[in-house]
Asks: 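After the structure tokens below, expect a handful of questions from me.
Just so it is clear, the structure is predicted and the values come from calculations on it, not from any experiment. We count ligands from 1, going down the list as the structure has it; atoms in each ligand are counted the same way.
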Amino acid sequence: MPNVVTRFAPSPTGFLHIGGARTALYNWLFARHHGGKFLLRIEDTDRARSTEAAIEAIKSGMDWLGLEWDGDAVSQFGSAERHREVARHLLDAGKAYKCYATAEETAELRAKAREKREVFRGDMWRDVEPDATTASRPFAVRLKMPRTGTTTINDRVQGAVTVDNSTLDDMILLRSDGTPTYMLAVVVDDHDMGITHIVRGDDHLNNAFRQVQLFEAMGWDTPEFAHIPLIHGPDGKKLSKRHGALGVDAYADMGFLPEAMRNYLLRLGWSHGDDEIIPTTQAIDWFNLENIGKGPARFDFDKLDSLNVHYMRQLAPSELLSTIENDLEKKTGNGLSGTERDRIVKAMPSIVDRAKRLPDVVNGASLFCNIRPVSLTEKAAATLDGQQAMLESAATELTAITDWKQDVIKAAIMSFAQARDLKMGKVMQPIRAALTGGAPSGDLIELLEILGQKETLARLKDQATA
Ligand code: GLU
């Protein structure tokens, strides 16, 4: 398909939420799949609700997800003059007309129509010539909708969807203060930006019928539509905050990798057979509109966690360390030394084995930093209670080792336990408590080896004399 151009068109009234991120991802994948363009348009015509902070949050969410857009982001408000020009053109062509009804009159007529269960078409001035005094009053510009026939959208997800034109109102294009409406702005911008495919939430399907009429009134090609079902919670209800309706930044803070998030959002509404693990390069290869599901997707944190585990394990230890380095330094309060870095890289496979999210990796890695004195959990303190003398002798035994390797260390601890007629556990548990302070940890002998003789002895002695 040549020249595919898609867009993501968020209204900057809040953060980049999970549904928006999925819409952005699908538009991005579709464009990348076809070697086309993916554009970002900020729909900031609602001046009262749009904020600079929200624009920044949307952009940084997209950056984090790796969804780079082509060219500069476009401000919809910036094209207001062009939107007005199109409304004037339709007026001149007789495809739109001036409506002199005041807000009060319109509200009254709308209420009456509702009472009678009739469609409110807003067409009170459609066939009326204003007299001289009326003509000097402010007016809105309304589109002359067809009154007969039907409008069909061959939606790439929903299939053919048809409405009777008699249900379409003569929508306002320009308000009486001269500001363009959202419906006008969307259509003009999609045309001017050369958008070929509109992929968005199915809460916009109803708007699409009216937008099609506007494309046709201007004699413009109508883009293809793909309206994606919204995301629901695991219980099938509308997605709430409790379910995960958070900003993308919250997922970054919770410690998910962008690659895991992309894979998760892809599968949340799109499928390729039974494949669950779909890295982004593969997704670009496979993505199409046909495989978007017709039913609402259900958000599931467990699935997201399991994808995150998968992608964390895919990373080389040094890459994973760079990913968490800032957070690790924040936790320990120090920049990483070369020794600490070496230890963490060595320990990474076992750290990641026990981790679900990045904070687990940070915690696991922090044990390999010079964090003396190690702070103790209550349980660790209880384990250490009365073990000071034992730790002192164990430290002496370990001091004698000249070749600090796992088998040598293990043999030394075993012979130490045997000589005192102690079970291994009775020796290992206090040593673990002294080294980790009670933080979750993996194989103890490996921990000792990687930590090194000096740091191990120092931590043991801290507790032996405590
Ligand atoms: N600005 C609209 C929204 O944030 C999207 C409009 C569109 O995609 O056509 O819901």
Asks: With a cutoff of 4.0 Å, is Phe8 in contact with ligand 1, counting heavy atoms of the residue only?
Replies: no
Asks: Against heavy atoms of Arg200, which atoms of ligand 1 measure under 4.0 Å?
Replies: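 Those qualifying, in numeric order: 7 (C), 8 (O), 9 (O).
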Asks: Please could you name the atoms of ligand 1 that His204 approaches to less than 4.0 Å, counting only its heavy atoms?
Replies: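 Per the distance check, 2 (C), 3 (C), 5 (C), 6 (C), 10 (O).
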Asks: For the 3.5 Å polar cut-off, considering only N or O atoms, please tell me whether Val186 and ligand 1 meet it.
Replies: no
Asks: Within the 3.5 Å criterion, strictly below it, is a donor on Gln213 or Thr151 matched to an acceptor on the partner's side chain?
Replies: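 Yes, a side-chain donor-acceptor pair sits under 3.5 Å.
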Asks: Can you spot which of Arg126, Arg121, Arg142 makes a salt bridge (Lys or Arg N to Asp or Glu O under 4.0 Å) with Asp170?
Replies: Arg126
Asks: Tell me, with the steps shown, if His89 and Asp92 meet side chain to side chain donor-acceptor pair (under 3.5 Å).
Replies: CA-CA 5 Å; His89 171 85; Asp92 292 345; over 6 Å; no
Asks: Please write down residue, atom name and distance for the protein heavy atom closest to atom 6 (C) of ligand 1.
Replies: Tyr182 OH, 2.8 Å
Asks: Looking only at protein heavy atoms, which one is nearest to atom 5 (C) of ligand 1, and what is the separation?
Replies: Ala9 O, 3.3 Å
Asks: I'd like to know if Asp189 pairs up with Arg41 as an ion pair, taking the criterion as any Lys NZ or Arg NE/NH1/NH2 lying under 4.0 Å from an Asp or Glu carboxylate oxygen.
Replies: yes
Asks: Report, in ascending order of atom number, the atoms of ligand 1 lying under 4.0 Å from any heavy atom of Glu43.
Replies: 1 (N), 2 (C), 5 (C), 6 (C)
Asks: State, without any angle test, whether Thr332 and Asn334 hold a side-chain donor-acceptor pair at a distance under 3.5 Å.
Replies: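 Per modelled atom types, Thr332 and Asn334 side chains form no pair under 3.5 Å.
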Asks: Counting from 1, what ligand 1 atoms have a heavy atom of Ser11 closer than 4.0 Å?
Replies: 1 (N), 2 (C), 3 (C), 4 (O)
Asks: With a 4.0 Å heavy-atom cut-off (strictly under), which part of Arg7 contacts ligand 1: side chain, backbone, both or neither?
Replies: side chain
Asks: Answer yes or no: does atom NZ of Lys59 have more than 12 heavy-atom neighbours from other residues, nucleotides or ligands under 6.0 Å?
Replies: yes
Asks: Within 45° of the axis and under 6.0 Å from the centre of the six-membered ring of Phe225, does NZ or CZ of Arg156 qualify?
Replies: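 No cation-pi geometry.
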